[in-house]
Amino acid sequence: MHAMQYEITLPADHDMRTVHHRIATKGPLLDSWPGLGLKAYLVRERGLDGSPVNQYAPFYLWRTTEGLNAFLLGPGFRTLCADFGRPAVRHWIGAGLRRGPAADGPGADGPGADGPAAAGQPGPVAATRLTERLPEGADPAEAVERALAELPDHPDLHTAAVALDPARWELLRFALWRAAAPAGTPGTRYRVHHLSSPELDRLPVGRHW
């Protein structure tokens, strides 16, 4: 498993309805992408959920490197680069995964341009992402084990993942939620406007080594 994310920060006065429309029209294109565990179409909007910025920041869990490569080198990402400029793409090696109770509900769409998911579509509507630089001398294996043990176990949890960037020795904790993230959950908060999850059920749960 490979985790991946890029962040496109937009002007403070940007009309975020253009981002909502982009997701609504282009999001389903990855609903059957080979090798993709999930793509969460994440958005931050200035003034909502404590966000100081407008941002489009999709997050991916890839099952195969072939799928990842086909996306980054393909026409879809090329179009995004033409529209927004080529973003820096962060990449982490997957270390573990938990499927929560909310992962088995029908539907994949989160809040669209006009509000929350429709009835009968209880997919994730929120996400949290926490990154932690490991101190010099810290044991990466111990840090990963601790993060795996601390993965949330909550009725609204959809999917949670732990991953590691060994270039920066940065630990990533990511979670998708069926409702607003529980109070006190650390990390950056996003709204989920669509979820493509063609091979989520093929990602191995538990520890990945």
K.L.:
Can you tell whether the side chains of R44 and D49 come within less than 4.0 Å, N to carboxylate O?
P.N.:
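Not counted as a salt bridge, because no side-chain N and carboxylate O are separated by less than 4.0 Å.
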K.L.:
If you take all heavy atoms of T128 and P186, which pair is closest and at what distance?
P.N.:
CB-O, 4.2 Å
K.L.:
Sub-3.5 Å donor-acceptor pair from the side chain of W169 to the main-chain atoms of R133, do we have one?
P.N.:
no
K.L.:
In Å and rounded to the nearest 0.5 Å, what is the CG to CD distance from L10 to E45?
P.N.:
10.0 Å
K.L.:
For residues 134-146, please give each side-chain donor-acceptor pair under 3.5 Å, one per line with the distance, not counting sequence neighbours.
P.N.:
unit_1 : atom_1 : unit_2 : atom_2 : d
D139   : OD1    : A141   : N      : 2.9
D139   : OD1    : E142   : N      : 3.4
E145   : OE2    : R207   : NH1    : 2.3

K.L.:
Could you work out, with ring-ring contact (aromatic ring centres under 6.0 Å, His included) as the rule, every residue matching H208, not counting sequence neighbours?
P.N.:
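In terms of ring-ring contact (aromatic ring centres under 6.0 Å, His included), with neighbours along the sequence ignored, H208 is linked to no residue.
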K.L.:
Given the rule that I, L, V, M, F, W and Y join up when any side-chain heavy atoms are under 4.5 Å apart, are L30 and L61 in one cluster?
P.N.:
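In one cluster: no.
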K.L.:
Could you tell me the separation between the NE2 atom of H91 and the CD1 atom of I93, rounded to the nearest 0.5 Å?
P.N.:
6.5 Å
K.L.:
The criterion is side-chain hydrogen bond (donor to acceptor under 3.5 Å, both in side chains); which residues satisfy it with D201, sequence neighbours excluded?
P.N.:
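side-chain hydrogen bond (donor to acceptor under 3.5 Å, both in side chains) check on D201 returns nothing, list empty.
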K.L.:
Give me the atom names and distance for the closest heavy-atom approach of A179 to A126.
P.N.:
O-CB, 3.5 Å
K.L.:
Flag yes if I23 and F71 sit in one hydrophobic cluster, no otherwise; membership is Ile, Leu, Val, Met, Phe, Trp, Tyr, and two members link when side-chain heavy atoms are under 4.5 Å apart.
P.N.:
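Hydrophobic grouping puts I23 with F71.
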K.L.:
Between L172 and V162, is any pair of side-chain heavy atoms under 4.5 Å apart?
P.N.:
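L172 does not reach V162 side chain to side chain.
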K.L.:
Give a yes or no on whether the backbone of G47 and the side-chain of S51 come within a donor-acceptor separation of less than 3.5 Å.
P.N.:
no
K.L.:
Is the backbone of A40 close enough, under 3.5 Å, to the side chain of S196 for a donor and an acceptor to pair up by distance?
P.N.:
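Side chain of S196 to backbone of A40: no pair is present.
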K.L.:
Tell me whether V205 is reachable from L176 by hopping between hydrophobic residues (I, L, V, M, F, W, Y) whose side-chain heavy atoms are closer than 4.5 Å.
P.N.:
yes
K.L.:
Can you list the residues that meet the ring-ring contact (aromatic ring centres under 6.0 Å, His included) rule with H14, with sequence neighbours excluded?
P.N.:
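Counting only residues at least two positions away or on another chain, H14 forms no ring-ring contact (aromatic ring centres under 6.0 Å, His included).
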K.L.:
Using the test side-chain hydrogen bond (donor to acceptor under 3.5 Å, both in side chains), find all partners of T131 that sit at least two apart in sequence or belong to another chain.
P.N.:
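Once residues adjacent in sequence are excluded, T131 has no partner under the side-chain hydrogen bond (donor to acceptor under 3.5 Å, both in side chains) criterion.
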K.L.:
Salt bridge check: are E7 and R129 linked by an N-O gap of less than 4.0 Å?
P.N.:
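A salt bridge is present here (some side-chain N lies under 4.0 Å from a carboxylate O).
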K.L.:
Report the residue from R90, M4, Q5 that forms a side chain to side chain contact (heavy atoms under 4.5 Å, CB included) with F59.
P.N.:
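For F59, the side chain to side chain contact (heavy atoms under 4.5 Å, CB included) check succeeds only for Q5.
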K.L.:
Using distance only, find each side-chain donor-acceptor pair of residues 78-89 under 3.5 Å and give its atom names and separation, not counting sequence neighbours.
P.N.:
unit_1 : atom_1 : unit_2 : atom_2 : d
R78    : NH2    : L73    : O      : 3.2
T79    : OG1    : P75    : O      : 3.0
D83    : OD2    : R22    : NH1    : 2.9
D83    : OD2    : R22    : NH2    : 3.3

K.L.:
Got a sec: does the CZ of R46 have more than 12 other heavy atoms crowding it under 6.0 Å?
P.N.:
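It does not: R46 CZ has 12 such atoms or fewer within range.
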K.L.:
Got a sec, which residues hit side-chain hydrogen bond (donor to acceptor under 3.5 Å, both in side chains) with R189, two or more places apart in sequence or on another chain?
P.N.:
none
K.L.:
Any idea which heavy atoms bring D13 and N54 closest together, and the distance?
P.N.:
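Closest approach of D13 to N54, heavy atoms only: N-ND2, 4.4 Å.
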K.L.:
Donor-acceptor pair, distance only, cut-off 3.5 Å: does the side chain of D165 make one with the backbone of E170?
P.N.:
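Checking the backbone N and O of E170 against the side chain of D165, no donor-acceptor pair under 3.5 Å is found.
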K.L.:
If you round to the nearest 0.5 Å, how far is CG of L48 from CE of M16?
P.N.:
9.5 Å
K.L.:
Looking at side-chain heavy atoms only, is the closest gap between R99 and H158 below 4.5 Å?
P.N.:
no
K.L.:
Which heavy atom in A147 sits nearest to a heavy atom in L171, and how many Å separate them?
P.N.:
CB-CD2, 3.7 Å
K.L.:
Considering non-hydrogen atoms only, spot the tightest contact between V125 and A180 and give its length.
P.N.:
CG2-N, 4.4 Å
K.L.:
When you compare the side chain of L130 with that of T188, does any pair of heavy atoms fall below 4.5 Å?
P.N.:
no
K.L.:
Which Ile, Leu, Val, Met, Phe, Trp or Tyr residues join L157 in one cluster when any pair of side-chain heavy atoms under 4.5 Å counts as a link?
P.N.:
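Listed partners: W177.
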K.L.:
Under the rule for side-chain hydrogen bond (donor to acceptor under 3.5 Å, both in side chains), what residues qualify as partners of R98, not counting sequence neighbours?
P.N.:
none
K.L.:
Minimum heavy-atom separation for A57 to Y190, with atom names?
P.N.:
CB-CE2, 3.8 Å
K.L.:
Does L38 share a hydrophobic cluster with Y41, counting links as ILVMFWY side-chain heavy atoms below 4.5 Å and allowing steps through other members?
P.N.:
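They do not share one cluster, since no chain of ILVMFWY contacts under 4.5 Å joins L38 to Y41.
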K.L.:
Are M1 and L36 connected into the same hydrophobic cluster when the rule is that any two of I, L, V, M, F, W, Y join if their side-chain heavy atoms are below 4.5 Å apart?
P.N.:
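Different clusters: L36 never reaches M1 through Ile, Leu, Val, Met, Phe, Trp or Tyr contacts under 4.5 Å.
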K.L.:
Can you list everything that forms a ring-ring contact (aromatic ring centres under 6.0 Å, His included) with Y56? Sequence neighbours excluded, please.
P.N.:
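None.
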K.L.:
Quick one: list whatever passes ring-ring contact (aromatic ring centres under 6.0 Å, His included) with W92, sequence neighbours left out.
P.N.:
none
K.L.:
Regarding T9 and Q55, do their side chains bring together a donor and an acceptor under 3.5 Å, going by distance alone?
P.N.:
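A pair is found: one side chain offers a donor N or O, the other an acceptor, under 3.5 Å apart.
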K.L.:
Can you pull out every side chain to side chain donor-acceptor pair (under 3.5 Å) where at least one residue sits in residues 57-72? Sequence neighbours excluded, please.
P.N.:
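Every side chain to side chain donor-acceptor pair (under 3.5 Å) pair that includes a residue of residues 57-72, provided the two are not neighbours, is Y6-Y60, K39-Y60, R63-E199.
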